[in-house]
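Below is one structure; the comments refer to it alone.
Each chain gets a letter, A, B and so on, in the order its sequence line appears, and its residues count up from 1.
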Amino acid sequence: RTARGQNKGKVVFVSEESNPKAIAVYDKINADFKKETGIEVVMEYPGFANIAKRVATLIAAGTPPEIVWYGAGQAMNLALENQLADVGDVLKATGGAADNQRLIYKGADRSIPTSQQFTYGWYRKDLFQAKGLDAPKSWEDYVKAAKALNNPPAMYGCIVPSAETGASTLLLETMFMKNNVHWFGWNATKKDYDVVLDQGEQKKRAIETLEYLNELHKYSPEASTYNWGELMSTYFTEKAASSWYVGSRLLDQTIANNPKIADATMPFELPRKLTDAYYLSVQGFHILEKSNVDGAKKYVTFFLKHPELISWYHAVPLHIIPASRQMLNSAKYQDNPVIQKRMDVLKFLDSIWTKGVPLYYWDGKELNPYIGLFHNENLAGWMLAARNIKGMKSEQVVDEAAAQVRKKMRRVG
Amino acid sequence: MVNPRAERRAWVLGTTGPALLFLAVVAYLPIAYAVALSFFKKTAFNPAMQWVGANNYRFILEEPELWNAFGRSVLFTVGSVALQLALGLVAALLLNRAFRGRTVVRSLFVLPYLLPSIVVALVFQWLLSPEYGVVNQVLMQTGLVARPINFFGGLGTAMWSVIGMAGWQYGSFATLLILARLQAINPKLYEAAAVSGAGPLRAFWDVTLPALRTTLLVIALLRGIWMFNKFDSIWLVTHGGPLKHTETLPLYAYRLAFEEFDFGLAAAVCSVMFVVLLVGAVLYFKLFDPTREIEVGR
Amino acid sequence: MAFSVRLERLDKRFGRGARAVHAVRELSLEIGEREFFTFVGPSGCGKTTTLRMIAGLETPTAGRIWFGDTDVTALPPQRRDIAMVFQDVALFPYMTVRDNVAYPLRIAGLSRAQVDDKVERVAATLGLADKLGQKPGQLSGGQQQRVAIGRAIIKEPKVLLMDEPLSALDARLRVDMRTEILRLHREISATIVYVTHDQIEAMTMSTRVAVMDGGRALQVDAPRTLFRRPADQTVATFIGTPAMNVLPASLVTTPSGPAVELLGQRLAVGPRHHAAVQGLKQVEVGVRPQAVRLVAPASDRVRGRVFLREPLGLEDEVLVETESGTRVKVVTAAGEEFPEGAAVGLELAPRDLYLFHPDSKTTVCAGLD
Amino acid sequence: MAFSVRLERLDKRFGRGARAVHAVRELSLEIGEREFFTFVGPSGCGKTTTLRMIAGLETPTAGRIWFGDTDVTALPPQRRDIAMVFQDVALFPYMTVRDNVAYPLRIAGLSRAQVDDKVERVAATLGLADKLGQKPGQLSGGQQQRVAIGRAIIKEPKVLLMDEPLSALDARLRVDMRTEILRLHREISATIVYVTHDQIEAMTMSTRVAVMDGGRALQVDAPRTLFRRPADQTVATFIGTPAMNVLPASLVTTPSGPAVELLGQRLAVGPRHHAAVQGLKQVEVGVRPQAVRLVAPASDRVRGRVFLREPLGLEDEVLVETESGTRVKVVTAAGEEFPEGAAVGLELAPRDLYLFHPDSKTTVCAGLD
Amino acid sequence: MRQIQAYATLALLFVVLVIVAFPFYWMVLSSVTPREALFQPPYKFVRLDFSLGNYRELLFATEFVRYFVNSLIAAVGAIVLNVVAATLAGYGLTRFAFAGKKPFAFGTLFSYMFPPMLMAIPLYILFSALRMRNTYTGLVLAHMAISLPLNIWLMWQYFQIVPQSLEEAAWVSGASRLRALRQVCLPSARPGILSVAIFSFALSWNDFTFAFILQTDRTMFTLPVGLASFVEQTGVHWGMVMAAAVLVSVPTFLLVFFLQRYLLSGLRATG
Ligand SMILES: Nc1ncnc2c1ncn2[C@@H]1O[C@H](COP(=O)(O)OP(=O)(O)OP(=O)(O)O)[C@@H](O)[C@H]1O
Ligand SMILES: Nc1ncnc2c1ncn2[C@@H]1O[C@H](COP(=O)(O)OP(=O)(O)OP(=O)(O)O)[C@@H](O)[C@H]1O
Ligand SMILES: [Mg+2]
Ligand SMILES: [Mg+2]
């Protein structure tokens with residue numbers, strides 16, 4: 001079994017991005033890589049909903065892949081199990097990364113960031129203007145706008161997916177950030193994180209956030225799946241005057257499916273309460289321990305230096321945002337018809353560049369290893385659903401959520 | 001000269017051997033492995049297996065989630081099997097008559113069973129969507145409801161919607177088997193009932209139902225097992241939601257395995273399901289013994 | 001009280017167009033109260049179809065059916081006050097014998113006690129008393145048939161219809177059941193309409209018989225009459241075992257009147273038939289196998305050779321091949337006389353000969369004397 | 001060349017333990033070369049099982065089977081050089097008649113031309129020439145049976161086995177097919193082993209018959225012998241139509257020797273039987289229905305009343321109930337004499353009486369004279 | 001009376017027909033609805049402005065055809081193996097008495113009692129070791145686990161109504177057991193075999209769980225997995241998804257349409 005992991009002639013690469021254009025780039029680079037090193041790269045594209053399961057299955061079967069490209073938050077689960085190799089050398093060789101993009105565990109870099117997504121809103125400028133409204137800047141603005149534009153069932157003001165899905169979870173997590181709510185607090189004496197969600201100010205703000213989203217939910221359609229696809233399709237089928245997404249795939253889909261509202265589709269920052277922070281998703285290469293680590297490092301280096309790299313960023317323009325701000329502002333990156341057409345979006349992205357925080361750095365400077373306990377199982381989504389769908393009291397929701405996390409912490413030990 | 005006993009043995013082996021071999025490799029072996037797994041701690045990121053005895057069982061049996069899921073499983077299984085039998089029976093009785101275009105209609109009735117669950121799931125999501133669903137449109141246009149019903153997303157509706165969808169899809173399995181059985185009923189029995197003075201309802205009760213008994217029992221058994229283990233139909237439309245209201249045991253096991261990445265716990269849940277079904281099936285056979293009738297009532 | 005059944009120009013076609021089958025054609029007859037009336041004929045002649053129309057299980061294409069004074073043509077079977085025994089028994093396999101027999105009473109809504117009482121009486125009559133708890137599958141063919149009869153007679157129908165109830169039974173049982181059914185007919189007061197393809201059954205059981213062929217009734221008469229004065233050659237050959245020999249013959253005129261020349265014998269036609277045979281040159285002659293005597297071969301007789309001799313017990317069936325190649329079946333007393341291969345002479349008794357018209361095949365005279 | 005078939009203490013049990021069925025018990029007999037040998041008996045007596053053991057389709061529990069000098073007990077059916085006609089015809093439904101008939105030859109690997117040639121000859125013999133292209137489902141019952149026979153005889157088997165080939169046919173067809181099978185037996189040179197439950201078939205077709213009951217052969221003899229000298233009461237009542245009457249009687253000693261007192265008549269026992277009846281007080285007497293004469297009632301005769309009279313054509317079957325309540329079946333000439341209900345006297349011919357031992361039921365004497 | 005009853009039956013038939021058939025109708029209609037109209041309720045129930053855009057996109061801009069072919073190959077493989085294994089087993093179970101026959105017959109059912117989703121993980125490990133992941137062979141074998149028990153049971157039932165005397169007639173004609181099986185028994189069992197084929201097809205065509213876990217290479221995806229991946233990537237493109245649903249349904253419908261007679265008589269023995 002051990003021998004299999006060390007097949008030097010082969011690298012298994014599991015990628016979250018399975019857009020056809022991206023796949024074409026992979027194919028091209030892989031072919032070149034094979035030509036140069038003789039190492040064959042085998043791709044797997046399980047899709048973003050399944051990539052964690054795929055990686056888990058592969059490891060469980062004793063055949064870990066060499067490279068996984070996906071969110072660093074997900075990768076943290078692997079790091080905590082000592083499954084990720086130290087990639088500091090590769091990182092150094094390829095230009096390093098900003099602090100909030102790094103994943104450091106046991107003193108070593110475990111992630112080679114390539115790109116990121118910001119969490120922000122999209123709205124129909126035409127509709128807003130017709131009502132004399134502008135992009136909402138405060139929570140009150142947002143409710144007011146949602147209410148003004150709400151005209152069910154033909155049109156809803158906003159979208160608040162309220163179920164135990166990733167979309168629900170990310171919305172609440174982002175809104176918690178906006179209201180400076182923390183799940184955990186750093187306990188300097190223990191040198192560890194404690195659950196603080198149900199305590200003092202945190203609790204008050206958590207309840208406030210839930211209540212706010214409950215108010216907003218009144219102007220949101222009942223989704224049938226509450227998943228990412230619905231955030232986009234509800235918007236581009238003109239069922240909602242505003243929506244939000246992690247990245248600008250929503251714009252991409254609107255252009256493809258309903259081009260006539262594409263030009264009126266504008267980004268906006270999800271409104272702040274106490275902070276401007278939002279959920280930042282950083283993606284990158286992760287190399288698994290006990291695999292063909294050398295081959296994998298060679299490949300990642302090769303990939304990041306390959307001239308086709310730019311086409312890879314252009315696979316979903318504006319959605320795959322380069323990890324490096326220089327690249328964002330480089331002429332080379334901006335040389336793309338969609339980007340050219342929507343330079344406003346690029347400007348917008350640049351304007352919120354530094355405000356995003358990865359979840360594992362939200363509660364403190366130290367990497368928070370416990371975020372998986374609430375994030376992986378969409379506990380925030382549960383909270384939203386419990387409040388908005390089931391009608392539980394916000395206080396009770398917060399208490400239960402905190403209790404859940406504590407229970408899990410005990411189980412993990 | 002060939003020894004007839006040896007030849008016979010060769011035939012027995014040669015005919016049942018391949019099936020046995022296939023099943024051993026693709027079914028029994030994996031089951032044995034999975035059952036064994038339930039006594040180990042094995043998480044996805046740590047492939048090493050660690051013996052924990054009955055700990056996994058102790059853990060899940062103490063979790064209220066298991067019992068909640070069990071309750072939902074029973075509801076889903078009983079509800080959807082009952083619906084399948086009812087739909088299958090009504091459809092089969094109707095299709096057993098002669099009318100124009102019967103072949104087309106029959107094919108249509110059998111079709112749902114032959115479609116991938118994903119197709120059925122997608123079609124139902126599309127039909128029942130609160131925003132674009134034609135069903136909601138009709139309900140609103142006829143004034144039956146004021147607001148669109150969130151069939152798969154509502155707490156009170158999700159389980160019933162899933163049951164309805166499963167009934168629609170797998171009812172056709174029942175239709176098929178019942179229809180086949182109906183065609184094998186001696187039509188003379190209906191005439192005998194008629195000349196004895198029985199009307200159509202009475203004849204149905206006295207001739208059709210007894211003849212279908214075995215078939216209905218077999219369908220209930222098979223479909224019961226399948227629905228109890230049904231994963232994809234539910235998962236594809238609700239992922240167990242909203243708020244776990246459709247999280248049956250297989251979805252619970254799936255969550256343990258692929259969201260909490262604890263294969264040992266998941267295997268324990270599956271083993272519990274296995275035992276439940278085994279005990280259920282044994283009781284069922286004791287109560288009804290469908291096989292005896294299969295052989296006699298042929 | 002039973003009542004009579006009257007069929008009035010009853011007609012039944014199955015299917016349409018080129019593939020239509022005309023199963024029953026313009027059948028008119030009346031079955032008297034409490035008669036034991038039998039339809040007999042070869043397979044496919046329309047017997048079952050007729051019976052099913054009487055039962056109401058088949059709707060006539062044309063014509064009417066009367067039970068006594070009531071036109072029942074449009075009534076469903078449930079409302080005809082009939083009972084029926086089917087050829088393939090058609091017992092309810094999932095019910096016990098008791099439930100099968102009780103079925104019509106249950107439907108009629110009789111009380112449990114009444115039903116039990118009646119069932120026990122019927123079971124006793126049919127010798128099924130100790131089988132009541134069993135399922136039909138556990139019974140022998142004869143027992144099943146009796147259960148079917150039990151189910152039919154228990155509600156004391158006005159008309160009891162039976163479609164070849166015995167044909168699935170083995171030879172010995174068939175004979176026994178025949179007697180049982182006859183006894184039943186005496187005991188219950190129903191008109192029985194019976195269908196069979198076995199002329200022996202028809203002959204032994206019925207008060208009257210309709211011989212059918214091609215959907216038509218060829219002759220409706222008492223059994224004895226059918227045998228003695230068959231209306232035509234089809235009836236004549238159908239009734240009687242072994243079947244009548246039919247031989248071509250010519251009619252000659254002799255000084256004493258017309259005569260038949262058959263197998264070299266010249267047989268005078270009796271005066272009462274002179275009118276009937278007038279003008280005929282050729283006839284077909286029907287000779288029952290029992291009406292031929294085997295005698296020593298002599299030059300003035302047609303001679304033949306015994307081709308096959310089958311013992312029946314007290315009698316033997318002998319197949320004789322004449323010099324001209326005609327085969328004649330003869331029934332004779334069992335014995336060693338004239339073994340297979342032996343030469344033999346044939347002697348015919350004029351009284352037992354039937355003349356048929358060569359074209360229409362109708363009976364010209366029954367008995368030459 | 002055909003060969004003889006010898007069964008040596010053949011035994012067959014089905015199942016085990018309490019539910020075991022002993023289908024055939026210690027059966028020993030020899031079937032001669034080219035014989036037409038028939039197993040006859042009531043349903044369930046083990047006929048089919050015996051035939052299937054001869055075919056090799058069933059393995060005997062004990063005993064041996066010899067074909068000529070070869071012990072074939074362990075040979076599979078394929079290697080026994082037999083052919084078989086099954087009760088349920090068992091034609092291959094999706095093959096044409098031609099392919100069905102040709103099947104054994106195809107397996108034997110004959111050339112196409114040879115096969116076609118033979119098939120056409122066999123088809124001609126059986127009158128199937130114009131049916132070769134059809135499927136069995138399109139044929140009538142009789143035609144199907146002939147195809148099955150064709151398939152059996154085409155490879156000219158040494159032993160031809162037939163299991164009730166005629167029982168599915170209707171009465172008239174059955175009689176015709178009987179003659180056809182007999183003709184075949186003459187033409188092919190095979191030993192035929194035939195199974196039927198119909199004693200008439202057994203009697204008319206066979207050179208020898210084994211009457212079976214409960215898995216045993218009660219008597220193996222030529223048909224005539226079976227009829228004249230049945231070994232016991234079971235055989236006696238089984239053979240002959242209608243079945244023999246069996247009546248209880250006592251033996252009395254008269255000055256001129258022993259005599260039977262039966263129905264009020266005293267019938268002397270012939271001297272050749274004196275030894276056989278010695279010591280018996282009670283006997284059962286078998287009387288064939290044809291051996292009783294109906295006479296005018298007289299005081300010195302047992303008198304009875306005609307209970308039932310069924311016409312058979314030339315004869316009538318009459319059931320007489322005597323004053324003591326015994327019922328006696330009588331066959332008499334057709335006629336209006338003694339209608340139902342009439343008083344009647346019975347006269348018995350000593351020559352046609354059989355005495356059976358009251359306990360063992362074996363035949364004590366066949367014919368009193 | 002009869003009239004009323006006939007109309008009531010007809011009405012019931014109509015209602016049931018609507019329940020069963022409407023989803024199909026809507027599926028077809030949605031698949032040809034122009035993109036602009038698709039998300040604009042209220043919908044018309046009949047429309048004439050057909051557009052084949054969805055189909056064009058499905059066939060030429062996605063991997064649908066490849067998934068379709070993969071599914072087809074897997075289904076054909078499953079049919080072949082199932083037919084062979086189930087037919088032989090059914091024959092053996094009905095024609096021979098042997099120890100352990102009942103346990104064997106019921107043992108097949110046991111494998112239905114374990115959730116397939118967790119059977120898939122051991123299979124995954126096994127197939128990884130055998131290098132059968134991402135192969136048709138592996139997928140077909142996995143599909144055997146879902147379909148073989150049912151099929152064995154079907155054939156076991158069906159062979160009970162294939163008269164033994166047909167085979168015996170062949171034996172006494174000189175045919176060996178194997179030959180009799182091939183020439184006589186199998187043709188008579190054709191309806192049963194066809195039912196087995198259809199069920200094998202259905203269960204293989206239907207399988208999501210095994211294909212999802214075992215087929216990791218995008219080029220080896222089957223239809224269900226492929227369709228599921230359409231959904232998650234881009235949000236549900238309903239028109240195209242409905243077009244895919246139609247294309248998946250059509251061959252299945254034709255299969256049932258033409259083989260219905262056999263299917264029904266093949267299942268006759270199952271009561
Ligand atoms: N339901 C039907 N549809 C079409 N044709 C039929 C139907 N029932 C009977 N027939 C045809 O009508 C004719 C008479 O059939 P019927 O069953 O009355 O004959 P039968 O005298 O009872 O014959 P058998 O002795 O074989 O039972 C036959 O040619 C038969 O094929
Ligand atoms: N395969 C079997 N298994 C168990 N019992 C059997 C089997 N075959 C026959 N028997 C039993 O053996 C006895 C003899 O049966 P067999 O078929 O030889 O009778 P038969 O004389 O041919 O009767 P029939 O005239 O009804 O065909 C019967 O009691 C029957 O139930
Ligand atoms: Mg009939
Ligand atoms: Mg038999």
Worksheet item: Side chain of Gln260(E), backbone of Thr103(B): donor and acceptor closer than 3.5 Å?
Response: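 A pair under 3.5 Å: yes.
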
Worksheet item: Okay, side chain of Asp207(E), backbone of Pro116(B): is any donor-acceptor separation there less than 3.5 Å?
Response: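 No, the answer is negative, given that no donor and acceptor are paired below the 3.5 Å cut-off.
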
Does the side chain of [Y] come within less than 4.5 Å of [X]'s, by heavy atoms?
X	Y	value
Leu127(B)	Phe22(E)	yes
Tyr113(B)	Val256(E)	no
Leu264(E)	Arg106(B)	yes
Tyr25(E)	Leu108(B)	no
Leu111(B)	Val20(E)	no

Which answer fits [X], side chain, backbone, both or neither, if we ask what part of it has an atom under 4.5 Å from a heavy atom of chain B?
X	result
Leu148(E)	side chain
Ala211(E)	neither
Leu150(E)	side chain
Ile146(E)	neither
Leu255(E)	neither
Ile213(E)	side chain
Leu141(E)	both

Go through the atoms of [X] and report whether side chain, backbone, both or neither lie under 4.5 Å from a heavy atom of chain E.
X	value
Leu277(B)	both
Val276(B)	neither
Val25(B)	both
Val110(B)	side chain
Ser271(B)	both
Leu182(B)	neither
Tyr28(B)	side chain
Leu13(B)	neither
Leu236(B)	side chain
Ala257(B)	side chain

What option among [options] has the most heavy-atom pairs under 4.5 Å with chain E?
options	result
Met140(B), Gln141(B), Arg9(B), Arg97(B)	Arg97(B)
Ala253(B), Ser117(B), Pro18(B)	Ser117(B)
Cys270(B), Ala19(B), Gly133(B)	Cys270(B)
Gly17(B), Ala32(B), Pro112(B)	Pro112(B)
Trp126(B), Phe109(B), Phe22(B)	Trp126(B)

Between [atom1] of [X] and [atom2] of [Y], what distance do you get to the nearest 0.5 Å?
X	Y	atom1	atom2	result
Phe98(E)	Thr16(B)	CZ	OG1	5.0 Å
Leu123(E)	Leu29(B)	CG	CG	8.5 Å
Thr15(B)	Leu181(E)	OG1	CG	9.5 Å
Ile225(B)	Ser111(E)	CD1	OG	9.5 Å
Thr9(E)	Leu94(B)	OG1	CG	7.5 Å
Leu88(E)	Leu20(B)	CG	CG	13.0 Å

Worksheet item: Would Ile152(E) and Leu23(B) satisfy side-chain contact (heavy atoms from CB on, under 4.5 Å), going step by step from the backbone distance to the final call?
Response: CA-CA 11 Å; Ile152(E) 289 176; Leu23(B) 284 177; 4.1 Å; yes

Discussion item. Ring centroids only, cut at 6.0 angstrom: are Trp168(B) and Phe24(E) within range, meaning strictly under it?
Written reply: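 Yes, close enough.
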
Best-contacting candidate, [options], against chain B by heavy atom pairs under 4.5 angstrom:
options	value
Tyr91(E), Phe253(E), Phe127(E)	Phe253(E)
Phe201(E), Phe258(E), Trp205(E), Tyr124(E)	Trp205(E)
Ala97(E), Gly90(E), Pro149(E)	Ala97(E)
Ala244(E), Ser71(E), Ala21(E), Ser30(E)	Ser30(E)
Phe210(E), Phe110(E), Phe199(E)	Phe199(E)
Pro115(E), Ala89(E), Pro116(E), Pro224(E)	Pro115(E)

Worksheet item: Do we get Arg95(E) above Trp11(B)'s six-membered ring, with its NZ or CZ under 6.0 Å from the centre and within 45° of the axis?
Response: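 Arg95(E) over Trp11(B) ring: no.
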
Fill in: Arg261(E) atom CZ: more than 12 heavy-atom contacts under 6.0 Å
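No, CZ of Arg261(E) has 12 or fewer neighbouring heavy atoms, counting only those of other groups under 6.0 Å.
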
Worksheet item: With a cut-off of 6.0 Å (strictly less than), are more than 12 heavy atoms of other residues, nucleotides or ligands near CZ of Phe14(E)?
Response: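 Atom CZ in Phe14(E) is not crowded, with 12 or fewer foreign heavy atoms closer than 6.0 Å.
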
Practice prompt. List the steps and the verdict of side-chain contact (heavy atoms from CB on, under 4.5 Å) for Met113(E) and Phe228(B).
Written response: CA-CA 9 Å; Met113(E) 299 186 185; Phe228(B) 196 78; over 6 Å; no

Looking at [X] and [Y], what are the two nearest heavy atoms and their distance?
X	Y	result
Met27(E)	Val123(B)	SD-CG2, 3.7 Å
Ala27(B)	Met119(E)	CA-CE, 3.8 Å
Ser249(E)	Leu115(B)	OG-CD2, 3.4 Å
Val26(B)	Ala142(E)	CG1-N, 4.3 Å

Practice prompt. Take the angle between the ring planes of Tyr112(E) and Trp226(B) and call it parallel below 30°, perpendicular above 60°, tilted in between.
Written response: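 Perpendicular: the ring planes of Tyr112(E) and Trp226(B) meet at over 60°.
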
Item to complete: For the residue pair Trp235(B) and Phe212(E), categorise the inter-ring angle as parallel (less than 30°), tilted (30 to 60°) or perpendicular (more than 60°).
Response: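 Rings of Trp235(B) and Phe212(E): tilted, 30 to 60°.
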
